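The model shown is predicted, which means the values in this text are computed figures rather than measured ones.
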Number of protein chains: 2
Amino acid sequence: MNIGEASSASGVSAKMIRYYETIGLIRAASRTESGYRIYGDDDIHTLRFIRSARDLGFSVEQIEELLALWRDRSRASASVKSVALRHIEELEQKARELHNMAATLRHLAENCRGDQRPHCPIIDSLAEPTQRAAKPKAPPRFGKPDLISDRAARKVKAHRPSGMR
Amino acid sequence: MNIGEASSASGVSAKMIRYYETIGLIRAASRTESGYRIYGDDDIHTLRFIRSARDLGFSVEQIEELLALWRDRSRASASVKSVALRHIEELEQKARELHNMAATLRHLAENCRGDQRPHCPIIDSLAEPTQRAAKPKAPPRFGKPDLISDRAARKVKAHRPSGMR
DNA sequence: ATAGACGTTCCAACGATAGGAAGGTCAATG
DNA sequence: CATTGACCTTCCTATCGTTGGAACGTCTAT
């Protein structure tokens, strides 16, 4: 299977498959004589796993962890559960932040006539020095923020597979 | 007022103030003879406005809109309200996505004993080809995605204020 | 043989923000 | 008057995950 087939079989774009390889999330695929990547069923399985985990909002770093746990068939289910629970917390934290912003704004909007006249509590509130929204330092970002620092970058820069070009 | 004072008066970091200038969100500050940026009360007011809007999750692009509406003292409050309502929709959409992910995971986690034994429905579910999570195409990103394309970039590259260096 | 659908690498962009290097300026102190 | 240290300046890089495109090579079918 070449990368295109692997992509449609797994739901992960070819671009991302290559990317996951460079950051070391998946092992480097073997190649045909002409340099095409070759994938087997195991690889597809892994890619699908990754896809599912991303769909659940896990960061690449967490997926690395999950993959390791997945392959370790004797690990305690507690290990997996703890990763999951931590992630659930984060998801809900973000959801709450967004929800709070929406609620604040909605409240403001309710007091705005929304007609032809200029008076508008929404924009007035933005202009007032009144601080109202709880600002989460780094505003709504995603996939594990911080804590990661340079791992991926190092890997990206590091071993490029002595390319054919 | 120099940039440091403007920063603490407005709650916007000096870095961001300079950035907002390069992308054209705020007008270029005037300078002292030696090249220091100078800010007045109006600028602080604007910066505070921006800060509030960011705290409510508005993207820079939307803030551009809001600033224009703010300065247009004869605009209809309906214009502001419509921007706000659109944004509320987006915030709640994201919140819902995150919440759904959390709910899915939580459900999985509830069926996981979290003990010493290896059996774990969470990781099994990731591994199954069963697709479960609604994948929002581009997973949880933030601040107006897409649609923006190159505006900011162009501005950033464009007019650097004939620097002193 | 040639078209065109694939593959390869490398580079840049998205959005908002922070870190840091290398240098210039300003205030106050010795 | 010189030095110190806190500030300012610009420029470059990184973050995170993903996509787009350029420039080029390969494979397959006509």
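In this model, the phosphate group of C:dG7 is not approached by any side-chain N or O of A:Arg37 to a distance below 4.0 Å at OP1 or OP2. Taking 4.0 angstrom as the limit, B:Arg31 places none of its side-chain polar atoms (N or O) nearer than this to OP1 or OP2 of C:dG24. OP1 or OP2 of C:dA18 sits under 4.0 Å from a side-chain N or O of B:Ser13. Under 4.0 angstrom from either OP1 or OP2 of C:dA18 there lies no side-chain N or O belonging to B:Tyr19.
Interface remark: the A:Lys15 side chain does not form any donor-acceptor pair with the D:dG17 base, using a distance-only criterion of under 3.5 Å.
Between B:Phe58 and B:Leu66 there is a side-chain heavy-atom pair separated by less than 4.5 Å. Using a 4.5 Å heavy-atom cutoff, the side chains of A:Ser52 and B:Glu128 are not in contact. At a threshold of 4.5 Å between non-hydrogen side-chain atoms, the residues A:Arg71 and A:Thr46 count as touching. Residues A:Ile88 and A:Leu85 form a side-chain contact, since some pair of their non-hydrogen atoms from C-beta on lies under 4.5 Å apart.
The CG atom of A:Leu25 sits 14 Å away from the C1' atom of D:dC16 (whole-angstrom rounding). Whole-Å rounding puts the A:Asp55 CG to D:dG17 P distance at 14 Å. Atoms CD (B:Glu21) and C1' (C:dA16) sit 17 Å apart, rounded to a whole Å. Rounded to whole Å, the distance from CD on A:Glu64 to C1' on D:dC16 is 14 Å. Atom pair A:Ile50:CD1 and D:dC16:C1' shows a separation of 16 Å (rounding to whole Å applied). Atom CG of B:Asn2 and atom P of C:dA27 are 10 Å apart (whole Å). To the nearest angstrom, P of D:dT26 lies 17 Å from CD1 of A:Ile3. D:dT18 atom C1' lies 12 Å from atom CZ of A:Arg51, rounded to whole Å.
With no hydrogens or angles considered, no side-chain donor-acceptor pair links B:Gln93 and B:Glu89 at under 3.5 Å.
Of the candidate nucleotides C:dC6, D:dC7, C:dT17, C:dT17 has the atom nearest to the side chain of B:Met16. Proximity note for B:Arg54 (side chain, C-beta onward) versus D:dG17, C:dT17, C:dT9: the nearest is C:dT17. Minimum atom distance to the side chain of A:Arg18 is reached by C:dT9, of the listed D:dG17, C:dT9, C:dA18.
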Handout entry: Intermediate values then yes/no, salt bridge (charged side-chain N to carboxylate O under 4.0 Å, His left out), A:Asp115 and B:Lys81
Key = CA-CA 9 Å; A:Asp115 56 15; B:Lys81 191 166 182 174; over 6 Å; no
Polar atom pairs (N or O), protein with nucleotides 27-30 of chain D, under 3.5 Å:
{"from": "D:dC27", "atom 1": "OP1", "to": "A:Ser34", "atom 2": "OG", "distance (Å)": "2.6"}

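Around the CD atom of A:Glu5, the shell of radius 6.0 Å holds more than 12 heavy atoms that belong to other residues, nucleotides or ligands.
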